[in-house]
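The structure under discussion appears below in the form of structure tokens.
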Amino acid sequence: MSHLSLDAYSAHFSAEPGYLDFARFGPPSHDVNTVSSKCLSSVSRGFAPIDDLQEVHKRVRAQIASLTGRPSEDAVTFASSTSVANTMVAMALPADPRSEIVLSPREFPANVYPWIRANAFGGPAVRWLETDNGLVTPESVARQLTPATVGVVVSAVDFRTGYRADLAALREVVGDRLLLVDAIQGFGAVDAPWHLADALMVGGQKWLRAGWGTGFISLSDRAVERLGDGLAGWLAVESPFDYDGTVHPTRRDGQRMMITTPDLVAVARLSSALDLLSDLGIAEMNSAITERTTYVRSVVSRAGGVLLSNVAVESYSGITSFHLPGASPQQLHERLKTDGILVTCHDSYVRLSVHATTPISILDEVGRSMKGLAL
């Protein structure tokens with residue numbers, strides 16, 4: 001249930017109105033900054049607050065379990081980033097070079113190299129997915145599954161186009177294989193059936209606006225059953241605090257992925273960010289971002305921009321990528337920056353990304369900057 005209005009939610013942030021780069025980094029809230037400062041101040045005075053932070057550690061795992069549709073906080077393990085989370089899962093795949101995982105080479109590199117590195121250590125081979133115009137669709141996956149396929153890797157939201165993967169349809173196509181989802185560009189921004197992913201890897205520095213170091217993994221029962229020990233460390237075993245000089249068996253839940261104690265201050269920041277998201281409501285967040293994405297895509301088109309991908313509104317996220325004929329992406333990027341609009345520049349396009357806190361009025365400035373450059 002939503003407790004905050006959108007205006008009340010937005011009052012917790014102070015990012016510049018022209019900041020349209022949330023797919024790169026989401027400026028944290030005042031709440032997150034305050035929690036971080038208080039935790040660091042408390043810890044600097046001695047060890048007593050660490051016990052309190054351990055309680056936060058358990059509570060935030062329960063928050064994540066609820067948001068990702070897991071029955072218990074023990075399905076959740078912290079990681080410092082999505083890159084680390086992807087690597088932890090990839091290295092836990094059973095060593096069997098006769099098996100394969102299916103993966104698009106157009107994924108963001110942080111969701112490519114972990115699976116390649118895992119294969120170098122004897123894990124499943126990587127078979128490159130032939131996409132539908134660069135998009136990982138259920139149809140493209142269905143055409144290329146084989147009996148050797150043990151898992152399918154996909155981003156919940158494509159970092160280039162903002163295309164939102166159809167997790168429900170992918171789950172049906174993948175069947176009993178592992179569905180391995182990099183959700184950094186979607187979690188906290190879109191309302192999706194996250195429970196359908198067997199391994200959900202998330203970083204909190206973008207759409208959750210929790211700052212760096214706030215990643216996590218959420219595992220299904222299927223993933224817990226099939227993944228091996230991988231990079232599991234001393235906290236991933238049964239009774240880790242029994243220092244009895246024996247090797248303990250690995251846990252049989254999501255905590256089996258743990259390497260070491262997470263950054264507890266980062267965990268507290270993540271908890272604060274999740275509290276604020278909960279107060280607004282993910283449905284309200286999704287609706288506000290979709291409204292702004294729809295509006296800015298029309299602004300870009302009217303100003304002569306060419307969208308990188310035309311997708312249906314139900315596949316929208318907060319990302320819009322485009323180029324402007326007659327101007328290089330670098331020229332467009334600099335013009336927008338001069339006019340107070342901050343976006344990401346890639347080789348052949350610019351990418352802007354809106355949040356629920358983005359004033360709709362600022363999006364008209366994008367169009368005016370584009371038209372000014374075209375003159």
Side-chain angles (χ1 to χ4, degrees), residues 1-32 63-64 66-68 155-159 161-167 183-194 202-211 214 270 272-302 307 309 311-322 340-344 351-367:
M1 179 181 294
S2 175
H3 303 289
L4 284 180
S5 67
L6 183 56
D7 286 343
Y9 171 83
S10 298
H12 288 256
F13 300 88
S14 57
E16 294 295 325
Y19 185 85
L20 305 181
D21 210 9
F22 292 92
R24 186 178 185 188
F25 179 75
S29 66
H30 306 308
D31 312 56
V32 166
Q63 288 176 292
I64 294 167
S66 177
L67 289 168
T68 58
S155 287
V157 171
D158 179 55
F159 81 100
T161 62
Y163 169 74
R164 193 169 149 187
D166 187 341
L167 295 184
I184 192 170
Q185 293 292 10
F187 196 87
V190 302
D191 193 2
W194 302 119
V202 176
Q205 78 272 25
K206 298 181 187 286
W207 301 96
L208 284 175
R209 304 180 74 166
T214 53
L270 178 58
S272 178
L274 290 174
D275 283 342
L276 193 55
L277 173 62
S278 177
D279 285 343
L280 176 65
I282 189 59
E284 289 75 11
M285 175 70 75
N286 191 123
S287 176
I289 290 177
T290 298
E291 178 186 9
R292 286 153 177 75
T293 301
T294 302
Y295 189 80
V296 78
R297 287 172 72 94
S298 68
V299 166
V300 166
S301 296
R302 290 198 304 270
L307 297 170
S309 179
V311 297
V313 65
E314 60 267 22
S315 296
Y316 282 3
S317 63
I319 296 173
T320 298
S321 296
F322 64 97
I341 307 294
L342 186 62
V343 301
T344 289
R351 182 189 70 185
L352 62 81
S353 41
V354 297
H355 205 274
T357 57
T358 302
I360 291 181
S361 58
I362 200 69
L363 302 178
D364 290 318
E365 295 296 328
V366 174

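Just so you know, residue 1 is the first one in the sequence shown, and it goes up from there. The structure presented is a predicted model; accordingly, all values stated were derived computationally and were not measured.
Taken from CZ in Arg297 to CZ in Arg302, the straight-line distance is 13.5 Å, to the nearest 0.5 Å. The CD1 atom of Ile282 sits 8.0 Å away from the CG atom of Leu67 when rounded to the nearest 0.5 Å.
At a cut-off of 3.5 Å, with distance as the only test, no side-chain donor of Asp158 or Ser155 sits close to an acceptor on the other residue.
The side chain to side chain contact (heavy atoms under 4.5 Å, CB included) check on Ile64 picks up Val60, Thr68, Val76, Phe78, Phe216, Leu270, Leu274, with sequence neighbours excluded. Thr357 pairs by the side-chain hydrogen bond (donor to acceptor under 3.5 Å, both in side chains) definition with Arg209, not counting sequence neighbours. By the side chain to side chain contact (heavy atoms under 4.5 Å, CB included) test, Ala8 pairs with Leu4, Ser5, sequence neighbours left out. Evaluation of the side-chain hydrogen bond (donor to acceptor under 3.5 Å, both in side chains) rule for Gln63 yields Ser271, Asp275 as partners, not counting sequence neighbours. Applying the side-chain hydrogen bond (donor to acceptor under 3.5 Å, both in side chains) test to Ser29 and every residue at least two apart in sequence or in another chain returns nothing. Looking at residues two or more places apart in sequence or on another chain, you find no side-chain hydrogen bond (donor to acceptor under 3.5 Å, both in side chains) involving Arg24. With sequence neighbours left out, the side chain to side chain contact (heavy atoms under 4.5 Å, CB included) criterion links Gln185 to Ala23, Val157, Phe159, Lys206, Trp207, Ile319, Arg351. For Tyr19, the ring-ring contact (aromatic ring centres under 6.0 Å, His included) partners at least two apart in sequence or on another chain are Phe22. Legend: residues meeting side chain to side chain contact (heavy atoms under 4.5 Å, CB included) with Ala273, ordered by chain and number and at least two apart, are Val32, Ala210.
Closest non-hydrogen pair, Asp31 versus His12, comes out as OD1-ND1, 2.8 Å. Nearest approach of Val299 to Leu363, heavy atoms of both residues: CG1-O, 3.4 Å. Across every non-hydrogen atom of Leu167 and Ala192, the tightest pair is CD1-CB, 4.4 Å.
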Identify every side-chain donor-acceptor pair in residues 286-295 under 3.5 Å, counting partners at least two apart or on other chains, and give the distances.
{"residue": "Asn286", "atom": "OD1", "partner": "Asp191", "partner atom": "N", "Å": "2.5"}
{"residue": "Asn286", "atom": "ND2", "partner": "Thr290", "partner atom": "OG1", "Å": "3.2"}
{"residue": "Thr290", "atom": "OG1", "partner": "Asn286", "partner atom": "O", "Å": "2.9"}
{"residue": "Arg292", "atom": "NE", "partner": "Ala356", "partner atom": "O", "Å": "3.4"}
{"residue": "Arg292", "atom": "NE", "partner": "Thr358", "partner atom": "O", "Å": "2.6"}
{"residue": "Arg292", "atom": "NH1", "partner": "Ala288", "partner atom": "O", "Å": "3.0"}
{"residue": "Thr293", "atom": "OG1", "partner": "Ile289", "partner atom": "O", "Å": "2.9"}
{"residue": "Thr293", "atom": "OG1", "partner": "Ser317", "partner atom": "O", "Å": "2.7"}
{"residue": "Thr294", "atom": "OG1", "partner": "Thr290", "partner atom": "O", "Å": "2.8"}
{"residue": "Tyr295", "atom": "OH", "partner": "Asp364", "partner atom": "OD1", "Å": "2.7"}
{"residue": "Tyr295", "atom": "OH", "partner": "Asp364", "partner atom": "OD2", "Å": "3.3"}

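Using modelled atom types, no side-chain atom of Ser301 and backbone atom of Ser298 make a donor-acceptor pair closer than 3.5 Å.
Classification of the His355-Tyr9 ring pair by plane angle, with boundaries at 30° and 60°, yields parallel.
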